[in-house]
Amino acid sequence: MAPRTRTRTRSRARFRSRFTTALLAPALALGATVGLASAPAQAAVWNSCDQWGNTQLNGYTLYNNIWGSGAGGQCVWANSGTNWGVWADHPGTGGIKSYPNAKKVINKPITSLTSLSSSYDVTVPSSGAYNTSYDIWDTDYDYEIMLWVNHHGAVGPLGSPQGTVALGGHTWNVYKGDNGANEVFSFLRTSDSNSGSVQILPILKWIKDTKGWMGDETIGDVQFGYEITSSPGGLDFRTNSMSVSSG
């Protein structure tokens, strides 16, 4: 897997780079026509084809979040904060185009957490280039922890390999890197999974206590979504269910 360039988020919800251009408007308008037809038969309670479209539903914030250069059309729909999906038609070029996601705010130091876990059930395409991932941030945005539960196509993590570790109910290949604005720790599941649960707290403690890569950071956001590099012709990504809980 080839390394990729990562840039700092704007508002820490994967509002990544500011390559805003009027060229996106026609593509997004096309997405409005095609993408909403890919939503479930029942009427969604919210949908958006806006580049930065977002809403709050039952404790989660949903983002369409088209942030990358050369993006095409993309529309997000939601029946709830934990049942939502995306139609995306991004060209078959390199570079991440978007990270549509659902975010849960935690705002607790690692040592104050007694639990932090999540479950997921997704339906993803068999073509295109993307990963399905958690993106976890501290409140100062000095550290980004990514947990890839599946990936497809020409995508890869930032940084250098750090070995393999069994944590939180899964076995991961670990990478450590720096994008110039924050450190990035990426955990790639050694085999793809479309459903399951993950104990996030043991991963954070391993980074903090076993490796000493960060201190007792306050965990701000836990995001779950699809980091899409390409989806030519239009592809569907569906979160059938997911949840994030902490104690």
Side-chain angles (χ1 to χ4, degrees), residues 1-9 12-14 16 94-96 99 101 103-104 106 108-111 113-120 122 124 129-229 242 244-246:
M1 293 177 288
R4 61 189 177 192
T5 301
R6 307 176 68 86
T7 55
R8 190 174 179 84
T9 61
R12 315 309 173 185
R14 285 266 175 181
R16 288 297 185 110
I96 302 164
Y99 181 65
N101 70 87
K103 178 184 79 172
K104 186 72 173 284
I106 305 300
K108 288 185 178 181
I110 295 172
T111 54
L113 286 165
T114 57
S115 64
L116 179 58
S117 61
S118 180
S119 63
Y120 60 92
V122 302
V124 291
Y130 63 86
N131 65 68
T132 304
S133 57
Y134 292 90
D135 206 8
I136 303 160
W137 291 92
D138 67 301
T139 52
D140 293 329
Y141 306 106
D142 295 323
Y143 301 98
E144 179 183 14
I145 299 98
M146 294 201 74
L147 312 178
W148 293 24
V149 297
N150 64 53
H151 65 281
H152 187 274
V155 295
L158 177 74
S160 57
Q162 304 293 312
T164 302
V165 63
L167 287 168
H170 304 270
T171 303
W172 315 89
N173 292 321
V174 183
Y175 294 78
K176 183 177 183 287
D178 189 313
N179 61 27
N182 54 268
E183 294 193 61
V184 184
F185 311 130
S186 299
F187 292 72
L188 278 61
R189 199 176 187 276
T190 54
S191 60
D192 287 341
S193 170
N194 289 341
S195 64
S197 61
V198 56
Q199 300 296 319
I200 299 172
L201 185 56
I203 297 172
L204 300 178
K205 288 183 174 180
W206 182 82
I207 296 170
K208 171 184 171 291
D209 298 329
T210 304
K211 304 302 289 186
W213 290 343
M214 67 181 183
D216 187 22
E217 300 295 324
T218 297
I219 301 303
D221 304 341
V222 175
Q223 303 164 25
F224 178 83
Y226 309 96
E227 196 171 48
I228 306 171
T229 292
M242 57 85 62
V244 177
S245 59
S246 64

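What you see is a predicted model; the values in this text were computed from it and never measured. Residue indices begin at 1 and follow the sequence shown.
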Reported [atom1]-to-[atom2] distance for the pair [X] and [Y], which is rounded to 0.5 angstrom:
X      : Y      : atom1 : atom2 : value
His152 : Asn131 : NE2   : CG    : 12.5 Å
Glu183 : Trp213 : CD    : CH2   : 9.5 Å
Ile219 : Asp138 : CD1   : CG    : 6.5 Å

Residue pair [X] / [Y]: nearest heavy atoms and the distance that separates them:
X      : Y      : answer
Trp148 : Ser133 : CD1-CB, 3.8 Å
Tyr99  : Gln223 : CE2-OE1, 3.4 Å
Ser246 : Leu113 : CB-CD2, 4.1 Å
Val244 : Met242 : CG2-CE, 4.0 Å
Ala181 : Asp178 : N-OD1, 4.0 Å
Pro157 : Ser186 : CB-CB, 3.9 Å

request  = Kindly say whether Gly225 contributes a backbone atom to a donor-acceptor pair with the side chain of Glu227 at under 3.5 angstrom?
outcome  = no
Original post:
For Thr111, does its backbone N or O pair with a side-chain atom of Asp216 as donor and acceptor, under 3.5 Å?
Top reply: yes
Side-chain touch [X]/[Y], heavy atoms, less than 4.5 angstrom:
X      : Y      : answer
His151 : Asp192 : yes
Val222 : Ser118 : no
Met214 : Ile110 : yes
Ile207 : Tyr143 : no
Tyr141 : Asp221 : yes
Tyr175 : Leu158 : no

From the list Thr132, Leu147, Asn101, Ile136, side chain to side chain contact (heavy atoms under 4.5 Å, CB included) with Phe224 holds only for Thr132
### Task
Decide yes or no on side chain to side chain contact (heavy atoms under 4.5 Å, CB included) for Trp137 and Asn182, but give the supporting numbers first.
CA-CA 10 Å; Trp137 291 92; Asn182 54 268; 3.9 Å; yes
Can you tell me how the ring of Phe187 sits relative to the ring of Trp172, calling it parallel under 30°, perpendicular over 60° and tilted otherwise? perpendicular
| request: Walk me through it: do Val122 and Tyr226 pass the test side chain to side chain contact (heavy atoms under 4.5 Å, CB included)? | output: CA-CA 10 Å; Val122 302; Tyr226 309 96; 3.3 Å; yes
Only pairs under 3.5 Å count here: list side-chain donor-acceptor contacts from residues 194-206, not counting sequence neighbours, and write none if there are none.
from: Asn194; atom 1: OD1; to: Asn150; atom 2: ND2; distance (Å): 3.1

